[in-house]
Amino acid sequence: MAQDRELLVSVHDLQKAFGEREILKGISFDIYRGDVVCVIGPSGSGKSTLIRCINYLEHPTGGDICYRGESVMKHFKKLTQFRTKVGMVFQSFNLFNNMTVLENCTVGQIKVLGKSKEEAKETALRYLKHVGMDSYVNAKPHQLSGGQKQRVAIARALALEPEVLLMDEPTSALDPEMVGEVLRVIRDLAESGFTMVIVTHEMAFARDVSNRVIFIDQGVIAEDDAPDVLFKNPKNPRTKEFLGRFQQ
Amino acid sequence: MPTTFFGWVFFLMEEYGPVLLTGAGVTLLLAVVGTFIGCLIGLVVGIIQTIPMEDNDSTFKKATIKLTQRLLDAYVEVFRGTPMIVQAMVVYYGAMSVFNIDMSPMFAGFFVVSINTGAYMAETVRGGIESVDPGQKEAAIAIGMDHFQIMYNVILPQALRNVMPQLGNNLIINIKDTSVLNVISVTELYFASKSAAGVYYKYFEIFFLTCVIYFIMTFTASRLLRWVESKMDGPKDYQLVNYDPMADPCGHVPLPTKKQKGRFD
Ligand SMILES: Nc1ncnc2c1ncn2[C@@H]1O[C@H](COP(=O)(O)OP(=O)(O)OP(=O)(O)O)[C@@H](O)[C@H]1O
Ligand SMILES: [Mg+2]
């Protein structure tokens, strides 16, 4: 089945150490078009580090990351193009505070992709509409609620029309009543076939939305399976223990 | 001759008003131009001081950056760490005896105020740049922007807004502190007042007037900068476009189908 699917990003034996401390100890997995991969695991297991390494916010200390079969680590010149293909959504939104909602979504298109203002605006509006934030184009980030900020951040990432979206705990910084609106946007993206890697602590959401769940523990992939299997019949005792904590 | 305090004040105002006002003009000119050039210096120095060193930079590039940063550190420390009155003497007389340059007192004044303000502003700008939360920089990196684009579009606009109060502070300090330039005979307000006071030996009366003039200048500068700051902040509220409270927060519009593209294009 995997053969006829399009391979987008592959992570080979990825390692990351901060000084002497090894955080990632050889992680490998492939992301195919249409995949929704949820990454779960205990706090401090290296989930954020993994996501940040994939898009080079942290420099891996070993292994390789390939985009469509081509190593990104060996072709640093292509890093910018790679980054426009692999979008990122942060836990703390990280909107540009000096720009309006619209400008947040157009600046990358104009400066990095070299699009015209009009073209960028049109694309930005399309995605802002998709996340339900098109009426807020003139607002500044500090005038928005957390959920609204995160929806704008998703639109900003989408506006570059990436092929893969990486999300690091997109709802963890939100008040409980705002989690729903952001999850709905992500679910909607998943249903329209968008490729995503999502680090999350929302187990029910992970089960619903993903076609694959990766459980990371102590810097290695402890289990990697379809959500039905991983959540119902975890093979690894550590997965069982971790999931057990959420069932109470 | 007047007999009361205010009598003297009005008398001296009539007699020496134009002289004091000319002095005030010189003071303002020195302070405004010096602050402006100082800010430009500070901006450049602050930006250079915060250039990050990437792992994959060449050794030559790293060494050049490091050396430049050390030299600029020295500049900042020296000019922050010595009194402007002494700097004025050293620059004015030093230029004459060492380099044989006979600069006008006015030129030396501009030079000293600019370079002094530059040293303070460099630190302020550095602080302003570092105070922008690093998450925004990461977000900008993640959408593919390079260091220059990030600085210009994201960091500097916010850093500069953050340094505005300090810029105002520096302007006010400069309006007052250009008075030390009287030691190299720059005919600014303090110098003019001292000359005027000497004629009738009415120091208190003249300097009362001087005091009022300084205060008017600093107070105006302070209010003006507040106004500029509020202009920079833009409107306090925003208008919703096509506001529709019942709108489904997501959905409705299908994701545009993506064109299949070649690798990395
Ligand atoms: N820049 C850094 N320098 C040193 N250690 C770091 C750095 N960044 C992360 N770490 C360490 O790496 C480990 C993994 O961190 P990471 O943020 O990836 O965990 P996580 O799985 O995302 O946890 P959480 O669920 O709490 O977000 C932690 O022990 C953390 O202290
Ligand atoms: Mg994390």
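So you know, we letter chains A, B, ... as the sequences are listed, proteins then strands, and number each from 1.
Taking 4.0 Å as the cut-off between side-chain N and carboxylate O, A:D35 and A:R5 count as a salt-bridged pair. Looking at B:D146 and A:K111, no side-chain N of the basic residue comes within less than 4.0 Å of a carboxylate O on the acidic one, giving no salt bridge. Salt-bridge formation is detected for the pair A:R52/B:E138: a Lys NZ or Arg NE/NH1/NH2 atom is positioned less than 4.0 Å from an Asp or Glu carboxylate oxygen.
Among B:I129, B:V163, B:L160, the single residue meeting the side chain to side chain contact (heavy atoms under 4.5 Å, CB included) criterion with B:L43 is B:L160.
Contacts between A:L166 and chain B at a heavy-atom distance below 4.5 Å are absent for every atom of the residue. Using a 4.5 Å cut-off between heavy atoms, A:L125 does not touch chain B at all. Contacts of A:V89 with chain B are absent, with no heavy-atom separation under 4.5 Å from either backbone or side chain. A:R187 does not touch chain B: none of its heavy atoms, backbone or side chain, sits under 4.5 Å away. With a 4.5 angstrom heavy-atom cutoff, A:F90 touches chain B only via side-chain atoms.
Ranked by heavy-atom pairs shorter than 4.5 Å toward chain A, the options B:M145, B:K137, B:Q158 are led by B:Q158. Counting heavy-atom pairs closer than 4.5 Å to chain B, the top residue among A:N55, A:L95, A:N97, A:V107 is A:N97. Ranked by heavy-atom pairs shorter than 4.5 Å toward chain B, the options A:A139, A:A159, A:G108 are led by A:A139.
Using cut-offs of 30° and 60° for the angle between ring planes, the B:Y75 and B:F79 rings count as tilted.
B:T35 and B:N170 share no side-chain donor-acceptor pair at under 3.5 Å.
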